[in-house]
Amino acid sequence: MSANLSAIFYLISGILFILALRGLSSPETSRQGNLFGILGMIIAITVTFLSIENFSSGFIYVLIILLVGGSIGAFIAYKIPMTAMPELVAGFHSLVGLAAVFVAIAAFLNPEAFNLGSLGNIKLGSLIEMSIGATVGAITFSGSIIAFLKLQGIMSGAPITFKGQHFFNALILISIIILIYMLCITQSSNLFWFLLAVSFLIGFLIIIPIGGADMPVVISMLNSYSGWAAAGIGFTLENTALIITGALVGSSGAILSYIMCKGMNRSFFNVILGGFGAKDQSLNKQNKEKKPVKSGNAEDAAFLMKNASSVIIVPGYGMAVAQAQHALREMVDTLKKNNIKVSYAIHPVAGRMPGHMNVLLAEANVPYDEVFELENINNDFSNTDVSFVIGANDVTNPAAKTDTASPIYGMPVLDVEKCKSVLFVKRSLSPGYAGVDNELFYRDNTLMLFSDAKKMVEDITKALE
Amino acid sequence: MEIDPFIFRLSIFILSIFIGYYVVWSVTPSLHTPLMSVTNAISSVIIVGAIIAGLAGNSENVFNISSIFGFLAIFLAAINIFGGFLVTQRMLQMYKKKKKDK
């Protein structure tokens with residue numbers, strides 16, 4: 001196959017990838033979009049095989065490896081529980097990053113295969129593109145590994161900080177630029193390995209100071225990086241499909257990071273520099289014990305909801321941890337049988353990744369047209385009887401609107417306190433991840449339900465029947 | 001004077017960023033998780049580079065150091081492609097509308 005013809009096919013697969021993302025604008029078109037994506041991938045892989053004219057016996061190995069890797073991927077895709085989606089995505093990002101690094105290494109060691117010159121005499125432009133691709137890939141890999149370990153709970157979600165951290169990181173970033181510059185002058189393979197090692201290190205160092213609840217930003221950011229890494233390799237290989245895809249994924253991740261930061265009213269740099277909420281905890285402890293709290297049991301909650309005509313459910317990360325989504329939907333089914341109108345309100349940063357709650361509710365067969373984003377439902381709280389907060393905390397804190405001293409001041413929150421009554425399912429009165437006490441707990445119209453989320457919901461369902 | 005082909009690739013790249021920007025803003029927030037998994041799957045198109053690297057060895061010497069890195073990259077990207085697309089499909093199957101009849 002001629003180079004021009006394959007370039008056209010790569011362009012087609014790039015366009016199919018655009019259509020795959022376009023499909024996600026609504027759930028109806030999304031499945032078709034995914035098929036476009038699969039088709040684009042099949043075209044890209046087939047064209048690559050056809051464009052290599054002298055097939056060595058390596059072909060058979062490529063097929064075997066493709067099938068083995070594919071089966072592992074398929075197995076994971078079918079086995080993974082929906083609550084583990086953030087870990088899965090972080091894990092997959094690390095694979096893309098590492099694959100980019102490996103391709104860059106292969107291209108560096110055997111530039112003839114890619115028409116980039118010869119070993120020790122690689123074209124300058126290609127060498128720059130290759131080192132950028134490899135660097136970003138390595139950062140994506142080690143950063144995603146840390147994100148994965150934090151999400152999986154293997155590593156503590158608490159921010160890890162040390163003195164001079166930012167200075168040290170800045171030093172490493174500068175040294176990466178110097179290393180790339182020197183690599184281009186000397187073409188030395190030792191420098192190339194050293195560059196990779198330093199890039200792995202900085203990926204690791206960037207993510208460790210970021211706390212568990214900031215993971216939505218981190219995952220989106222790493223998503224973006226994996227795209228830029230792919231684009232860097234795309235420039236090296238002069239491959240249109242890879243350049244288009246890299247740009248799409250890169251901007252997609254960047255937009256998601258922006259949306260997540262906005263959902264927390266924090267700047268991107270504020271999140272990346274890390275260490276959120278560590279200082280304010282002591283301040284809040286002093287006046288915590290004094291305020292009275294109303295608490296109730298499942299029967300009280302059932303009574304309140306049975307006499308309501310409308311209920312809004314506010315799910316958060318705690319629902320995912322307790323795996324309460326199915327039990328919750330059963331409770332809602334019972335409410336609906338009593339002719340109570342139920343809808344769901346989702347805060348942009350609820351959960352550990354963008355859209356996390358929506359997937360869990362979809363898994364529990366909640367129709368997506370009952371689930372609303374913050375800006376579409378926030379006005380409805382004032383004419384709703386009961387809001388049922390399950391596993392969310394900071395995103396409901398009215399202090400974000402009134403208390404300028406609060407670390408979460410200015411963050412958009414769900415106006416649950418405007419409901420006639422608020423039911424708040426929680427294990428204890430402990431503050432949320434921001435270390436901020438939630439004013440909502442002490443309001444007159446709030447009833448605290450201290451229990452495991454899943455058990456409480458099941459008990460309420462029983463009491464309703 | 002001729003234009004360097006790099007400029008053409010750069011043009012494609014920048015225009016694609018703009019396309020990505022507008023397309024992603026139109027993605028409904030409830031599908032942000034599938035968006036991440038599908039972007040993850042398509043970025044594994046990096047496998048095309050891996051295949052070229054893997055097949056670069058000659059017939060007598062299939063496994064030289066460069067092709068081994070190619071094979072490893074094929075393996076990683078394959079996990080991602082199948083895993084990414086299938087898990088996206090699995091998620092998207094779950095998004096259902098309210099049934100009209102009760």
Side-chain angles (χ1 to χ4, degrees), chain A residues 17-18 21-22 24-25 27 30-31 34 37-38 44 48 52 56-58 62 65-66 69-70 72-74 76-77 85 89 92 95-96 98-100 102-103 105-106 109-110 113 223 226-227 230 233 237 241-245 247-249 251-252 255 354-355 358-359 362-363 367-369 373, chain B residues 6 9 12-13 16-17 19-21 23-24 26-27 29-33 35-40 42-46 48-51 53-59 62 65-66 69-83 85-89 91-92 94-98:
Chain A
F17 291 152
I18 296 174
L21 299 194
R22 182 79 187 95
L24 290 171
S25 57
S30 61
R31 283 167 279 246
N34 200 37
I38 295 172
T48 310
I52 297 170
S56 64
S57 49
V62 171
I65 293 170
L66 201 62
I72 295 175
I76 298 172
M85 209 44 75
V89 169
F92 277 175
L95 299 184
V96 179
L98 197 58
F102 285 165
V103 173
I105 294 177
L109 295 175
N110 187 5
N223 184 247
S226 70
I233 302 295
L237 308 184
L242 209 42
I243 295 178
I244 296 178
T245 315
L248 289 178
V249 178
S251 51
S252 159
I255 291 172
N358 303 78
V359 169
E363 187 202 9
Y368 61 81
D369 38 10
E373 304 300 318
Chain B
F6 171 79
R9 288 191 283 277
I12 296 173
F13 179 63
S16 305
I17 292 179
I19 295 173
Y21 180 84
V23 169
V24 171
S26 72
V27 171
S30 66
L31 291 175
H32 276 163
T33 298
L35 171 67
M36 301 202 89
S37 61
V38 85
T39 50
N40 185 68
I42 65 173
S43 56
S44 307
V45 74
I46 201 158
V48 301
I51 293 172
L55 290 178
N58 50 36
S59 321
V62 177
I65 178 112
S66 155
F69 277 111
F71 285 128
L72 286 174
I74 295 173
F75 177 68
L76 298 177
I79 297 179
N80 250 309
I81 292 172
F82 282 74
F85 279 124
L86 289 172
V87 86
T88 310
Q89 195 67 16
M91 273 190 271
L92 295 176
M94 300 184 313
Y95 282 82
K96 290 188 197 90
K97 248 191 167 159
K98 204 180 331 195

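Proteins come first, then strands; the chains are lettered A, B, ... in the order of their sequence lines, and each starts at number 1. The shown structure was predicted, so the numbers you read here are calculated from the model rather than taken from an experiment.
Here the CD1-CZ distance, from B:I74 to A:F102, works out to 12.5 Å after rounding to the nearest 0.5 Å. Expressed to the nearest 0.5 Å, how far CD1 of A:I76 lies from CG of B:N80 amounts to 9.0 Å. From B:I42, atom CD1 reaches atom CG of A:L21 across 4.5 Å, with rounding to the nearest 0.5 Å. Between the CD1 atom in B:I81 and the CD1 atom in A:I38 there is a gap of 11.0 Å [rounded to 0.5 Å]. The line from CZ of B:F69 to CD1 of A:I105 is 4.0 Å long, rounded to the nearest 0.5 Å. Here the CD1 atom belonging to A:I244 is positioned 4.5 Å from the OG atom belonging to B:S16, to the nearest 0.5 angstrom.
Annotation: maximal heavy-atom pairing with chain A below 4.5 Å, among B:M91, B:M36, B:Q89, occurs at B:M36. For the set A:V89, A:L237, A:I72, A:N223, the count of heavy-atom pairs under 4.5 angstrom toward chain B peaks at A:N223. Chosen from B:I17, B:L86, B:I65, the residue pairing most often with chain A at heavy-atom distances under 4.5 Å is B:I17. For the set B:L92, B:I51, B:L72, B:I19, the entry with the most heavy-atom pairs within less than 4.5 Å of chain A is B:L92. Annotation: maximal heavy-atom pairing with chain A below 4.5 Å, among B:K96, B:R9, B:H32, occurs at B:R9. Per-residue counts of heavy-atom pairs under 4.5 Å with chain B were compared for A:L98, A:N358, A:L66; the largest is that of A:N358. When the candidates B:T88, B:V38, B:V45 are compared by the number of heavy-atom contacts under 4.5 Å with chain A, B:V45 comes out ahead.
Residue B:L31 comes nearest to A:P27 through the heavy atom pair CD1-N, 3.8 Å, listed as atom of the first residue, atom of the second, then distance. Listed here is the closest heavy atom pair of A:I255 and B:G20: CD1-O, 4.3 Å. Smallest separation of non-hydrogen atoms from B:V48 and A:A44: CG1-O, 3.8 Å. A:V103 approaches B:A73 most closely through the heavy-atom pair CG2-CB, 3.8 Å. Of all non-hydrogen atoms in A:A106 and B:S66, the two that sit nearest each other are O-OG, 3.3 Å. Summarising the geometry of A:S252 relative to B:L35, their closest heavy-atom pair is OG-CD2, 3.7 Å, with the distance given to 0.1 Å.
A:E373 touches chain B through its side chain: at least one heavy atom from C-beta onward sits under 4.5 Å away, while N, CA, C and O do not. Of the two parts of A:L242, the backbone and the side chain both hold a non-hydrogen atom closer than 4.5 Å to a non-hydrogen atom of chain B. Using a 4.5 Å cut-off between heavy atoms, A:L24 touches chain B through backbone and side chain atoms alike. For chain A, the nearby parts of B:V27 are the backbone and the side chain; heavy atoms of each come within less than 4.5 Å. Using a 4.5 Å cut-off between heavy atoms, A:S25 contacts chain B through both its backbone and its side chain.
Side-chain contact between B:Y95 and A:V359 is present, with at least one heavy-atom pair separated by less than 4.5 Å. Side-chain contact between B:V23 and A:L248 is absent, with no heavy-atom pair separated by less than 4.5 Å.
With hydrogens and angles disregarded, a donor-acceptor distance shorter than 3.5 Å links the side chain of B:T33 to the backbone of A:G355. Listed for the A:N34 side chain is a donor-acceptor partner under 3.5 Å among the backbone atoms of B:F85.
The local environment of OH in B:Y21 is sparse, with at most 12 non-hydrogen atoms from other residues, nucleotides or ligands closer than 6.0 Å.
Partners of A:R22 according to the salt bridge (Lys or Arg N to Asp or Glu O under 4.0 Å) rule, which considers only residues two or more places apart in sequence or in another chain, do not exist here.
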